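Remember, predicted model here, so these are calculated numbers, not experimental data. In what follows, chains carry the letters A, B, and so on, assigned in the order in which the sequence lines appear, proteins first and then strands, with residues in each chain numbered from 1.
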There are 2 protein chains.
Amino acid sequence: MEISLTEENYMKAIFSLQLNADEVVSNSRLAEHFNTRAASATDMLQRLADKKLVHYKKYQGVTLTTKGHKLAVHIVRRHRLWEVFLYEKLQFKWDEVHDLAEQLEHIQSEELTNRLDKFLNHPKCDPHGDPIPDKKGQIRSDLAKPLTHIIQKGYYRITRVTDHSKSFLNYLTEQNICIGDVVKLEEINAYDASCKLKTTGGQIVFLSQKAASHILAEFKK
Amino acid sequence: MEISLTEENYMKAIFSLQLNADEVVSNSRLAEHFNTRAASATDMLQRLADKKLVHYKKYQGVTLTTKGHKLAVHIVRRHRLWEVFLYEKLQFKWDEVHDLAEQLEHIQSEELTNRLDKFLNHPKCDPHGDPIPDKKGQIRSDLAKPLTHIIQKGYYRITRVTDHSKSFLNYLTEQNICIGDVVKLEEINAYDASCKLKTTGGQIVFLSQKAASHILAEFKK
DNA sequence: AAAAATAATTAGACTAGTCTAAATTATGAG
DNA sequence: CTCATAATTTAGACTAGTCTAATTATTTTT
Ligand SMILES: [Mn+2]
Ligand SMILES: [Mn+2]
Ligand SMILES: [Mn+2]
Ligand SMILES: [Mn+2]
């Protein structure tokens, strides 16, 4: 069955807007995500339902079918592999890769995806620390928590960011915070959920709740 | 100005259907090339004329404007660079790269094209021996002639093929004929323009007029 | 439980790109 | 040069994807 570029984008959006699988995604969230009108989203959801990619009941929002979930994960895999390619091989910055990967993810070829994966040495994560689904669609589970959820001071490895906007990524770069870095969490302010940490380079950085909430880290044994 | 994927395909087709620049390309050749109806081609040509990409007079066919020529060459550059990437880095065979490059050539990013070029070490030719235009759109001129135009026996380097069909490329692979090989042209039959040559590996291969006409070679000093 | 506010759907229109069928222009054989 | 044929263009219709405006359903408030 033919899946159009637009349909692929919707599938990926539904997948990434739901925090846990089978969370219902509303029409309005999709419309907002695509900067389009609710009527257009309705139209598309009905189309996707016809293709058995989503469960759709009028006024109730959508969830992915098994088939739809498989497709969405597959597109995410392509997206993240291309991001690794752009970052590792073409030396793009981590704030530049997303927009290009948005285009590249629609190149239709199973074989290409798998060869790219091999060429890149089967990377586990993309430049933002997002896990790359394997050939079968399996996604490695992730133990990292947002800095805002950490209650114990100490050493943590930064493994992932959940805001991919240029402004956020540039801010982190300026603060010398990179994926993979081990930082020392020195202060946790219960009052406003902000924190203070020492970077790999030794600088002291203060992070607001907003920034900290988008940085995932795991305890360094 | 926005150029759609379809418009890009038409521009590239016009460019590659004309043997010498400013050769007029007819409506029917384009319709045939895209396996579409003449009415659709007319529609598109009028659209391209509106965008000042082609010179179009009713019933007279089209040629590229300066602006259109620039655009077409640019798309050809992207196509051929991606072919090199697929061939060199992902180990696709020379008969597999074209279809994928047809998709990849539409990724819109000047920066990506130039970085890919650099990553591949500024290749001169794609896997079929077709020259890759440089950043400015300059195309290296090509001294090679079809085997059917060669009158002198001797040693020749195979530099390019002009039929990109899987069946032709597979045929050459079976006969052990590759781009870059130096072959010994041992017989030239004036009667049917067929020829006989000895490959790098020492095999004797007979080539029909049809096959020989799509193999370009240059004299080996 | 009804009214008000919000969210979602439908109806109808528009563009890009395609098609078929009909009309028009060019060509080339006699 | 004229008429038949081939090539091209136009007219009108269809699909995907979008929009606005109007309608309907759900949720929240009172
Ligand atoms: Mn991304
Ligand atoms: Mn990413
Ligand atoms: Mn090609
Ligand atoms: Mn080629």
Under 4.0 Å between a Lys/Arg side-chain N and an Asp/Glu carboxylate O for B:E110 and B:K135?
no
Give the rounded distance in Å between these two atoms: CD of A:E8 and P of D:dG17.
11 Å
Can you check whether B:K58 has a side-chain N or O nearer than 4.0 Å to OP1 or OP2 of D:dT10?
yes
Taking A:K51 first and then A:E2, would you say they form a salt bridge - that is, a charged N and a carboxylate O separated by under 4.0 Å?
no
With the side chain defined as heavy atoms from C-beta on, B:A39 is closest, among C:dC19, C:dT18, D:dC19, to C:dC19
Starting from P on C:dA7, measure out to CZ on A:R29 and report it in whole angstrom.
13 Å
Do the charged groups of B:E23 and B:R29 touch, with an N to O distance under 4.0 Å?
yes
Between B:Y59 (OH) and C:dT24 (C1'), how many Å, whole number?
4 Å
From CE of A:M44 over to P of C:dT9, roughly how many Å is that when rounded to an integer?
14 Å
Any side-chain N or O of B:S4 under 4.0 Å from OP1/OP2 of C:dG17?
yes
Between the side chains of B:H106 and B:N9, does any donor sit under 3.5 Å from an acceptor?
yes
Could you tell me how the ring of B:F119 sits relative to the ring of B:F85: parallel (under 30°), tilted (30 to 60°) or perpendicular (over 60°)?
tilted
Under 4.0 Å, heavy atoms only, any strand: does A:T6 hit a base, just the sugar-phosphate, or nothing?
sugar-phosphate
What is the distance, rounded to the nearest whole Å, between atom NZ of B:K57 and atom C1' of D:dA7?
18 Å
How long is the line joining CD of B:Q46 and P of C:dG17, in whole Å?
14 Å
Nearest to the side chain of A:R47, which nucleotide is it out of C:dA26, D:dT18, C:dG17?
D:dT18
Considering just the side-chain nitrogens and oxygens of A:Y56, establish if one lies under 4.0 Å of OP1 or OP2 belonging to C:dT9.
yes
Between B:S28 and D:dT8, is there a side-chain N or O to OP1/OP2 distance below 4.0 Å?
yes
Taking only side-chain nitrogens and oxygens of A:S26, does any of them come within less than 4.0 Å of OP1 or OP2 of C:dA7?
no
When the distance from CG of B:D43 to C1' of D:dC14 is rounded to whole Å, what number comes out?
14 Å
Specify the separation, in whole Å, of atom CG of A:L30 and atom P of D:dT18.
12 Å
Of A:S40 and B:N27, the one whose closest nucleotide on DNA chain D sits nearer the 5' end is B:N27
